[in-house]
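Below you will find the structure I want to go over with you.
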Amino acid sequence: MQSITSVLIYNIGQLVTVDPAWMTPENPLGLIRDGAIRLEDGKIAWLGASSEVSRADYSSHIWLDAQGKLLMPGLIDSHTHTIFAGDRADEFEMRLQGKTYLEIAKAGGGILKTVTATRQAEPRVLQALTRQRLQRMLNLGVTTVEIKSGYGLDFESEMKCLQVLKDLQVDAPVSIVPTYMGGHDIPPEYQGRTDEYVALLCSQQIPAVAEQKLAVFCDVFCEKGYFDVAQSRRILETARQFGLKLKIHAEEFCDLGGAVLAGEMGAVSADHLLNISDEGIAALKSGGTVATLLPGTAFYLRIKDYAPAQKLLAAGVPVALATDFNPGSCVIDNLQWIMALACLQMNMQPVDVIKAVTLNAAMALDLQHDRGSLAVGKRADLALFDVAGYNELLYRMGSNLLAGVFVGGRHYTRADLAASLG
Ligand code: NIG
Ligand code: FE
């Protein structure tokens with residue numbers, strides 16, 4: 001790994017800016033052929049055609065030959081549950097024997113199984129596990145990862161997980177955006193008393209999370225058997241009063257009305273949306289809410305009907321894609337693979353997929369002013385792929401095509417990444 005220095009990358013086959021300033025109807029990703037980009041102090045200082053830069057002007061810079069490869073904004077995984085202990089490999093087998101995700105959860109598996117393991121885990125263990133997972137994501141070209149709590153579900157354990165994330169932010173290999181999700185499930189000690197649990201979150205956990213600045217977002221699992229719309233509204237309203245931004249897990253297994261709630265409350269994103277109604281789509285549009293689709297979860301749980309990406313796009317709702325990486329419903333941590341899956345299973349076009357993991361994913365984290373596209377002044381978060389163009393990145397699904405990555409101007413080569421994976 002290099003320290004942050006001034007770098008000039010040239011001979012970029014396709015420089016995919018995703019910057020509206022470069023976009024035209026014929027060039028919807030703002031692509032520059034034979035491009036170059038200059039990075040200074042961890043930010044983008046300039047970008048344009050290779051022919052416009054001369055060695056004489058930037059002789060003090062490190063010059064990096066991209067050898068005709070694809071350079072694009074670092075990938076943003078805007079929905080993950082990366083902090084947890086234990087595993088649920090037994091549930092994989094149960095599902096193959098015909099049990100559904102919700103049946104397994106009711107029988108004592110599911111989220112609550114991971115809660116038991118996470119409560120027991122020491123902070124240093126959780127930190128090591130999470131760091132290792134982030135390293136794997138960086139190795140795939142991901143430079144920003146949103147991480148939800150929600151496997152603690154009591155005051156101490158939720159705080160423990162969020163504090164681990166805060167500590168990790170100091171020297172994690174990627175940027176972390178922490179989300180508080182005490183409303184992920186009803187803990188065993190509150191079974192049958194969901195309203196009381198919601199009251200506890202609102203009076204105790206949310207104020208403490210906000211006061212200690214442990215999270216940027218609050219999320220809730222609005223789903224039959226978990227939190228209904230009224231309970232979700234209560235959690236999100238309290239979170240908003242305490243200055244947290246809002247996300248929601250909505251319409252994953254049934255259409256409960258979480259998307260309408262998200263639109264009404266102006267949530268930053270509504271996620272999953274497999275069973276979203278037309279009314280829900282209209283609400284997202286009018287609320288300026290990003291639809292975050294997680295096709296890996298449908299794939300992993302073998303749900304036939306994926307989220308209606310085409311309808312959402314046609315309605316003009318910004319669509320983001322993320323992994324939903326977690327130990328139960330989707331163990332896939334590979335956003336490159338999810339991108340190709342979105343093409344194949346939701347018929348998303350490559351242009352929409354690239355936007356969905358860059359600028360729209362940044363919007364889903366309210367970070368679009370800072371990252372998600374290549375423009376002067378934005379963070380130097382870049383992914384270099386060993387392909388000639390973005391179509392090839394999707395077409396060659398299955399292997400890791402990353403050639404190198406920059407995080408805030410810090411360069412990691414393939415060799416650096418391989419070494420840090422151990
Ligand atoms: O997004 N839906 C709720 N949470 C996760 C599943 C978490 C788990 O099964 O551990 C999800 O699918
Ligand atoms: Fe999730």
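Just so it is clear, the structure is predicted and the values come from calculations on it, not from any experiment. Each ligand, and each atom within it, is numbered from 1 in the order the structure gives. Reckoned from all heavy atoms, side chains included, excluding hydrogens, waters and symmetry mates.
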Q.
Could you check whether F253 and Y101 have their ring centres less than 6.0 Å apart?
A. yes
Q) When you measure from atom 12 (O) of ligand 1 to every protein heavy atom, which one gives the shortest distance, and what is it? A) S329 OG, 2.5 Å
Q: Sort out for me which residue in L70, L31, L47 forms a side chain to side chain contact (heavy atoms under 4.5 Å, CB included) with L15.
A: L47
(Q) Would the distance check show the side chain of Q127 and the main-chain N or O of P123 forming a donor-acceptor pair, the cut-off being under 3.5 Å? (A) no
Q) Can you tell me which residue and heavy atom of the protein come closest to atom 10 (O) of ligand 1, and the distance to 0.1 Å? A) Y151 OH, 2.5 Å
**Q.** Closest protein heavy atom (residue, atom, distance) for atom 2 (N) of ligand 1
**A.** E252 OE1, 2.9 Å
Q. Has ligand 1 got any nitrogen or oxygen that is less than 3.5 angstrom from a nitrogen or oxygen of T297?
A. no
Q. Does even one non-hydrogen atom of T114 get within less than 4.0 Å of ligand 1?
A. no
Q) Starting from atom 9 (O) of ligand 1, which protein heavy atom do you reach first, and at what distance in Å? A) Y101 OH, 2.4 Å
(Q) Check this for me, if you would: do R379 and D381 make a salt bridge, where the nitrogen-to-carboxylate-oxygen distance has to be below 4.0 angstrom? (A) yes
Q: Provide the number and element of each atom of ligand 1 under 4.0 Å from a heavy atom of H81.
A: 1 (O), 4 (N), 5 (C), 11 (C)
(Q) Would you say the Fe ion (ligand 2) has C330 as a near neighbour, meaning an N/O/S atom of that residue under 2.8 Å away? (A) no
(Q) Using 30° and 60° as the class boundaries, would you call the ring planes of H249 and H184 parallel, tilted or perpendicular? (A) tilted
(Q) At less than 4.0 angstrom from any non-hydrogen atom of I111, what atoms of ligand 1 do you find? (A) 7 (C), 8 (C), 9 (O), 10 (O)
(Q) Using 2.8 Å as the threshold, say whether any N, O or S atom from E252 sits that close to the Fe ion (ligand 2). (A) no
Q.
Within ligand 1, which atoms have a heavy atom of R88 less than 4.0 Å away?
A. 8 (C), 9 (O), 10 (O)
Q. Which atoms of ligand 1 are found less than 4.0 Å from any heavy atom of D324?
A. 1 (O), 11 (C), 12 (O)
**Q.** At the Fe ion (ligand 2): angle between H79 atom NE2 and D324 atom OD1, to 10 degrees
**A.** 80°
Q. Short question: side chain of Y197, backbone of G182 - any donor-acceptor pair under 3.5 Å?
A. yes
Q. Checking side-chain contact (heavy atoms from CB on, under 4.5 Å) for the pair E158/V209: CA distance, chi angles, key distance, verdict?
A. CA-CA 9 Å; E158 283 295 298; V209 168; over 6 Å; no
Q | E223 touching ligand 1 at heavy-atom level, < 4.0 angstrom | A | no
Q | salt_bridge(D154, R119) N-O dist < 4.0 Å | A | yes
Q: Please determine if E103 and K99 form a salt bridge, counting it only when a charged side-chain N lies under 4.0 Å from a carboxylate O.
A: no
Q: On the 0 to 90° scale, with breaks at 30° and 60°, tag the F84-F325 ring pair as parallel, tilted or perpendicular.
A: tilted
Q.
Please list the nearest protein heavy atom to atom 4 (N) of ligand 1 with its residue and the distance rounded to 0.1 Å.
A. H184 NE2, 2.8 Å
Q) Hey, is there an N, O or S on H249 sitting under 2.8 Å from the Fe ion (ligand 2)? A) yes
Q | ligand 1 versus F84: contacting region, heavy-atom distance under 4.0 Å | A | neither
Q.
Is Y226 close enough to touch ligand 1? Criterion: a residue heavy atom under 4.0 Å from a ligand atom.
A. no
**Q.** Under 3.5 Å donor-acceptor, S157 side chain and L153 backbone
**A.** no
